[in-house]
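Take a look at the structure set out below.
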Protein chains: 2
Amino acid sequence: MPRWEQGSEERLRTAALELFEERGFDDTSVVEIADRAGVTTRTFFRYFPDKREVLFAESDRHRAALVQQILDTPDVTQPLRVITSTLAGFDWTGPGMDLLRRRHAVIAASPGLLERDLIKRDDIAVAFADALQRRGVEADAARLAARVGIQVFLTVYAQWVESDGHADPAALTDAAMTLLASLVPATRATG
Amino acid sequence: MPRWEQGSEERLRTAALELFEERGFDDTSVVEIADRAGVTTRTFFRYFPDKREVLFAESDRHRAALVQQILDTPDVTQPLRVITSTLAGFDWTGPGMDLLRRRHAVIAASPGLLERDLIKRDDIAVAFADALQRRGVEADAARLAARVGIQVFLTVYAQWVESDGHADPAALTDAAMTLLASLVPATRATG
DNA sequence: GTCTATAGTCCGATAGAC
DNA sequence: GTCTATCGGACTATAGAC
């Protein structure tokens, strides 16, 4: 376990978030981020493949944990419910509500970061669909459940962040699902 | 719209698609694209704000046309249906089925292009939600219908492209909507 | 049309932990 | 000595500025 000067990665993430808030993403250079973190630009790119990725380090870990939860879900007869419940039940406040809101605001303010956010969501959708299939859900149903479930949760997440984390994700999810049910034509569903 | 005179913009688009197929997106430089099109790199950036955008020139026009269709739809009491029908009824084969498939393949092969594709979809979702709201649909319902409708259509579009354009988009959409209905919990909607 | 800043890559060097 | 994290500098390409 290397002990000396540990924490470059976290210092880089902190410095990046601060600078993006101060000057905006486009007007912040990697050199400035590295300077504030006390490392060189070379070190920055050792940790993050590109400038955008510095804000999405946790996304991959979250995806893995969420997928595992889906694989561990006892009952998958309602795939869409599995997706929304898994997402709503997840503990998003790892680094704290404050950091979550700041990150959310910074991403929304920059088209470049929004692009990256969208592809992360897509990665998650693909991983979810795969997990559902491994649990025996038919391919088309798995794909659609994963995609739609994430869209439903996005509206929930936005409301939840806006409420400063005080709103109940499960209740918000129920409301969103009811809204969705009202939008889907009254075709008789078998399941 | 001078079809008889090949403008620099179209030559650039053709050259870019060819080169992306030959070498891949990352290994193709803007200089190479401009060379093949017989113009300078400066000219490339006069037409396209960045390297990725060369494949998405039509996206903005499509969005505007689709939004107009939504605004012109007589009945918007079933917002989700409005979205899926509008998308399924659109004529996507403007430049020909072959170009559509080639473009689809090139985008799928490059993470950078996939990112751009995703944000274009998001732009469309936002524009659709706005159009629905202007037609009197409540905000939350409009947003959800737009987002979910696009996800439904994505599955339809993928199947349609794979079928070489022979499958019927309307029939595929009906099948996808039935599948969606089977996924949504049997909460009875009022309408 | 030229000039320049920044993103991102590559190779090699250095220094501490084991 | 090995292993790993950091550093330095040169380099190409994108993108914007003049």
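First the proteins, then the strands, lettered A, B, ... as listed; each starts at 1.
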Is [X] close enough to [N] that one of its side-chain N or O atoms is under 4.0 Å from OP1 or OP2 there?
X	N	result
Y47(A)	dT6(D)	yes
S8(A)	dT6(D)	yes
T40(A)	dT6(D)	no

Answer with base, sugar-phosphate or nothing: what part of the nucleic acid does G38(A) contact at a heavy-atom distance below 4.0 Å? sugar-phosphate

Scan T43(B) against the nucleic acid and name what it touches under 4.0 Å (heavy atoms): base, sugar-phosphate only, or nothing. nothing

Gap between atoms [atom1] and [atom2], on [X] and [N] respectively (whole Å):
X	N	atom1	atom2	result
R52(B)	dA13(D)	CZ	P	17 Å
F44(B)	dG16(D)	CZ	P	11 Å
R42(B)	dA17(D)	CZ	C1'	9 Å
F25(B)	dG8(C)	CZ	P	12 Å
E53(B)	dT14(D)	CD	C1'	15 Å
F45(B)	dT6(C)	CZ	P	17 Å
L113(A)	dA7(C)	CG	C1'	15 Å
D26(A)	dA15(D)	CG	P	12 Å

I want to know whether W160(A) and F90(A) have ring centres closer than 6.0 Å.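 Between W160(A) and F90(A), the centre distance exceeds or equals 6.0 Å.
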
Salt-bridge contact D117(A)-K120(A) (side-chain N to carboxylate O under 4.0 Å):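 Looking at K120(A) together with D117(A), the answer is no, because their closest N to O distance does not fall below 4.0 Å.
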
From dA15(D), dT9(C), dT6(C), pick the nucleotide closest to the side chain of S29(A)? dT6(C)

Among side-chain atoms of D91(B) and T93(B), is any donor-acceptor pair under 3.5 angstrom? yes

Evaluate the criterion salt bridge (charged side-chain N to carboxylate O under 4.0 Å, His left out) for residue pair E18(A) and R13(A); output intermediate values, then yes/no. CA-CA 9 Å; E18(A) 287 173 2; R13(A) 271 193 264 126; over 6 Å; no

Parallel, tilted or perpendicular: which describes the rings of Y157(A) and W92(A), with under 30° parallel and over 60° perpendicular?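 Rings of Y157(A) and W92(A): perpendicular, as their planes differ by over 60°.
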
